[in-house]
Amino acid sequence: MATFLVTSKMNPELAARIESAVRGGVRRVSVRRSPGRVAATRFLVILTLMLSLAFLGLSLRAQRIEFDAAKARLEQQVSAEMNKVSPSGWKLLPAATAALSAAAQPLKEDFVADVLKDRARFAALLARPILYLRADLGDVNSEGSIERAAADANKDAFVACLLDPPSARDEEPILKKVRAVYRGEAFQEQRGSNVRRLFDLFYAMNFLRPEWASRVQRARDVIEVGELQHKFDEAQVERMIPATQAQLLIYVLDEPKKLGTAVELDGASDHWVRLGIVEFQAQGDALQSHTLLSVHRHLDPKWISEGARSRYAVGMDACRLAADLWTDVTKEAQ
């Protein structure tokens, strides 16, 4: 193949070499590796692969050991808390929700058990472990609605004044009690520590039921166990265990306010409430419920002066209700 790089005046030998280069006639030099170097390279590749697999195996084994240990530790913690619940304690939540659902049914005549008609016996009764709930009547029709209502309910002025009644049912001593409740002073120094929110029982059962233990058993890796451990630690279930040991349920259920009546700034209104005390008694592994109190009472904040009514009416009505309960139930024995 002719190329413009070759001229007629060029040396024939040089011209031939140029044409050969243009045609690709330059020979490639092949490099042959010695058998020893090839074997060494293969050995290094195989050794690297074997070391990688060994490291992976050790890492997986370490992860498995960590997973098994973390899972066993959480299972032991859950089991330890579950063992603190008595056979009757497991039945307390269904019994309490059943009692509340019954309280929402059509009204019967007021009932006061004889044990409440003696002041000393009434006081002794109120020193026992108690669950407490104040909720709207319409919120106690099912376990789900009761749990939601219980989540929003706290120990309030009714509890404070039931355990430690005001010196009189007049506004001044009642307002003093209610202000202590609102400032967070009423339940200091273990006062009222025997009274637990009903929600404490719901909360404890969420982490003690077999469903929670099954979640731990089904955990598949360290991350999932870690998440469950964090939830369990954060829940501080051990603080809720006393709620499973309650012997009484005290409830205040607010009926709808009277149509056309005003509502105070803090939500107080002219309405009726259902007030009850239910006793739970263990019979072997069974749990029996007994109604000790079931009464229907009227609340109306009009008795409160305007200066206190807008801010304290709900608490003052509740405190007076508790104070009047002591008078109402014990006067029947006189």
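Everything quoted here is computed from the prediction, not taken from an experiment. Computed over heavy atoms, backbone and side chain alike; hydrogens, waters and symmetry mates excluded.
- Judged by distance alone, with hydrogens and angles left aside, the side-chain atoms of Ser214 form a donor-acceptor pair with the main-chain N or O of Pro210 at under 3.5 Å.
- Criterion: ILVMFWY side-chain heavy atoms under 4.5 Å apart, direct or through other members. Under it, Tyr203 and Leu92 are part of a common hydrophobic cluster.
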Item checked: Worked check of side-chain contact (heavy atoms from CB on, under 4.5 Å) between Asp254 and Leu137 -> CA-CA 5 Å; Asp254 292 283; Leu137 181 65; over 6 Å; no
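- Between Tyr312 and Ile304, the closest side-chain pair of non-hydrogen atoms is not below 4.5 Å.
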Checklist line | From CA spacing to verdict: salt bridge (charged side-chain N to carboxylate O under 4.0 Å, His left out), Lys84, Glu81 | finding: CA-CA 5 Å; Lys84 295 177 183 178; Glu81 297 303 328; 3.2 Å; yes
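- Between Arg309 and Pro301, the shortest heavy-atom distance links the atoms NE-O, 3.5 Å.
- In this structure, Lys177 pairs ionically with Asp164, as a charged nitrogen and a carboxylate oxygen lie closer than 4.0 Å.
- At a threshold of 4.5 Å between non-hydrogen side-chain atoms, the residues Pro129 and Asn194 do not count as touching.
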Item checked: Working for side-chain contact (heavy atoms from CB on, under 4.5 Å), residues Gln77 and Val237 -> CA-CA 10 Å; Gln77 289 177 328; Val237 178; over 6 Å; no
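- In this structure a side-chain-to-backbone donor-acceptor pair under 3.5 Å is present from Glu224 to Arg220.
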Notebook entry, point to check: Where do His290 and Phe280 land on the side-chain contact (heavy atoms from CB on, under 4.5 Å) test, with the steps shown first?
Noted result: CA-CA 6 Å; His290 306 283; Phe280 304 107; over 6 Å; no
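- Closest non-hydrogen pair, Leu131 versus Arg197, comes out as CD2-O, 4.0 Å.
- By the rule that hydrophobic residues join a cluster once side-chain heavy atoms approach within less than 4.5 Å of another member, Trp303 and Trp326 end up as members of separate clusters.
- The side-chain heavy atoms of Val78 and Arg73, taken from C-beta on, include no pair separated by under 4.5 Å.
- Taking hydrophobic clusters as Ile, Leu, Val, Met, Phe, Trp and Tyr residues chained together by side-chain heavy-atom distances below 4.5 Å, Val115 shares a cluster with Leu163.
- Interatomic distance, CG of Leu253 versus CG of Asp136, reported as 9.0 Å (0.5 Å rounding).
- No more than 12 heavy-atom neighbours from other residues, nucleotides or ligands sit within 6.0 angstrom of CZ on Arg311.
- Contact check for Leu107 versus Glu255: side-chain heavy atoms found under the 4.5 Å cut-off.
- In this structure, Arg297 forms no cation-pi arrangement with Trp272, as its terminal cationic atom is not both closer than 6.0 Å to the ring centre and no more than 45° off the ring axis.
- Dense packing is recorded around CD of Gln236, with more than 12 heavy atoms of other residues, nucleotides or ligands lying under 6.0 Å away.
- Looking at Asp156, its side chain does come within 3.5 Å of a backbone N or O of Phe158 through a donor-acceptor pair.
- Taking CZ from Arg215 and CD from Glu227, the interatomic distance works out to 9.5 Å, rounded to the nearest 0.5 Å.
- Leu100 and Val140 make their closest contact through O-CG2, 3.8 Å (heavy atoms, listed as atom of the first residue, atom of the second, distance).
- To the nearest 0.5 angstrom, Thr244 atom OG1 is 11.0 Å from Leu93 atom CG.
- In Arg183, the CZ atom is crowded: over 12 heavy atoms of neighbouring residues, nucleotides or ligands sit closer than 6.0 Å.
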Next item on the list: Carefully, step by step, assess Arg169 and Asp324 under the rule salt bridge (charged side-chain N to carboxylate O under 4.0 Å, His left out).
Entry: CA-CA 8 Å; Arg169 67 191 304 272; Asp324 287 347; 2.8 Å; yes
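- Residues Ser88 and Ala286 approach most closely at CB-O, 4.3 Å, considering heavy atoms.
- Between Glu279 and the options Thr291, Leu292, Leu249, Leu293, a side-chain contact (heavy atoms from CB on, under 4.5 Å) holds for only Leu292.
- Electrostatic pairing of Asp68 and Lys71 does not count as a salt bridge here, judged by no charged N lying under 4.0 Å from a carboxylate O.
- Rounding to the nearest 0.5 Å places CG of Leu133 at 11.5 Å from OG1 of Thr97.
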Next item on the list: Given ring-ring contact (aromatic ring centres under 6.0 Å, His included), test Tyr251 with Tyr132 step by step and report yes or no.
Entry: CA-CA 6 Å; Tyr251 62 81; Tyr132 174 69; 9.6 Å; no
Margin query: salt bridge (charged side-chain N to carboxylate O under 4.0 Å, His left out), that's the test. Do Arg179 and Glu185 meet it? Break it down for me.
Written below: CA-CA 9 Å; Arg179 281 175 171 161; Glu185 300 170 359; over 6 Å; no
Note to self: Go through it in stages, so that I can follow the logic: the residues are Ser86 and Gln245, the test is side chain to side chain donor-acceptor pair (under 3.5 Å), and I'd like the CA-CA distance, side-chain angles, deciding distance and then a yes or no.
What the structure shows: CA-CA 8 Å; Ser86 67; Gln245 301 162 355; over 6 Å; no
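- Taking 4.5 Å as the limit, every side-chain heavy atom of Leu116 sits out of range of all side-chain heavy atoms of Arg121.
- In this structure, the side chain of Asn141 engages the main chain of Gly138 through a donor-acceptor pair within 3.5 Å.
- Within the 4.5 Å cutoff, side-chain heavy atoms of Leu126 are placed close to those of Ile250.
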Notebook entry, point to check: Do Lys257 and Asp270 pass the salt bridge (charged side-chain N to carboxylate O under 4.0 Å, His left out) test, and can you show the C-alpha distance, the side-chain angles, and the key distance before you say yes or no?
Noted result: CA-CA 6 Å; Lys257 74 179 185 69; Asp270 182 348; over 6 Å; no
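- Residues Ile174 and Leu299 are members of separate hydrophobic clusters, defined by side-chain heavy-atom contacts under 4.5 angstrom among Ile, Leu, Val, Met, Phe, Trp and Tyr.
- Under a cut-off of 6.0 angstrom, the local environment of CZ in Arg239 is sparse, with at most 12 non-hydrogen atoms contributed by other residues, nucleotides or ligands.
- Note on Leu162: it clusters hydrophobically with Leu248, by side-chain heavy-atom contacts below 4.5 Å among ILVMFWY residues.
- Asp221 places a side-chain N or O within 3.5 Å of a backbone atom of Ile223 that can act as its donor or acceptor partner.
- Between the side chains of Asp300 and His271, no donor-acceptor pair of N or O atoms lies under 3.5 Å.
- In this structure, Lys155 contributes its side chain and Val195 its backbone to a donor-acceptor pair below 3.5 Å.
- Looking only at side-chain heavy atoms (C-beta outward), Phe122 and Leu325 come within less than 4.5 Å of each other.
- In this model, no donor atom of one side chain and acceptor atom of the other lie less than 3.5 Å apart for Gln281 and Gln247.
- Between Phe207 and Trp212, the angle of the ring planes goes over 60°, which puts this pair in the perpendicular group of the 30/60° scheme.
- Summarising the geometry of Val314 relative to Ala268, their closest heavy-atom pair is CG2-N, 3.4 Å, with the distance given to 0.1 Å.
- Judged purely by atom type and a 3.5 angstrom limit, Glu147 has no side-chain atom pairing as donor or acceptor with the backbone of Phe199.
- In terms of heavy-atom proximity, Phe202 sits nearest to Glu143 at CE2-CG, 3.8 Å.
- Within the 3.5 Å criterion, the main-chain N or O of Ala246 finds no donor-acceptor partner in the side chain of Arg196.
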Item checked: Pair Ile146-Ser101, side-chain contact (heavy atoms from CB on, under 4.5 Å): steps then yes or no -> CA-CA 9 Å; Ile146 293 173; Ser101 295; 4.2 Å; yes
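- In this structure, the side chain of Ser145 engages the main chain of Asp139 through a donor-acceptor pair within 3.5 Å.
- Proximity of Asp328 to Asp110: side-chain heavy atoms (C-beta onward) are nowhere separated by under 4.5 Å.
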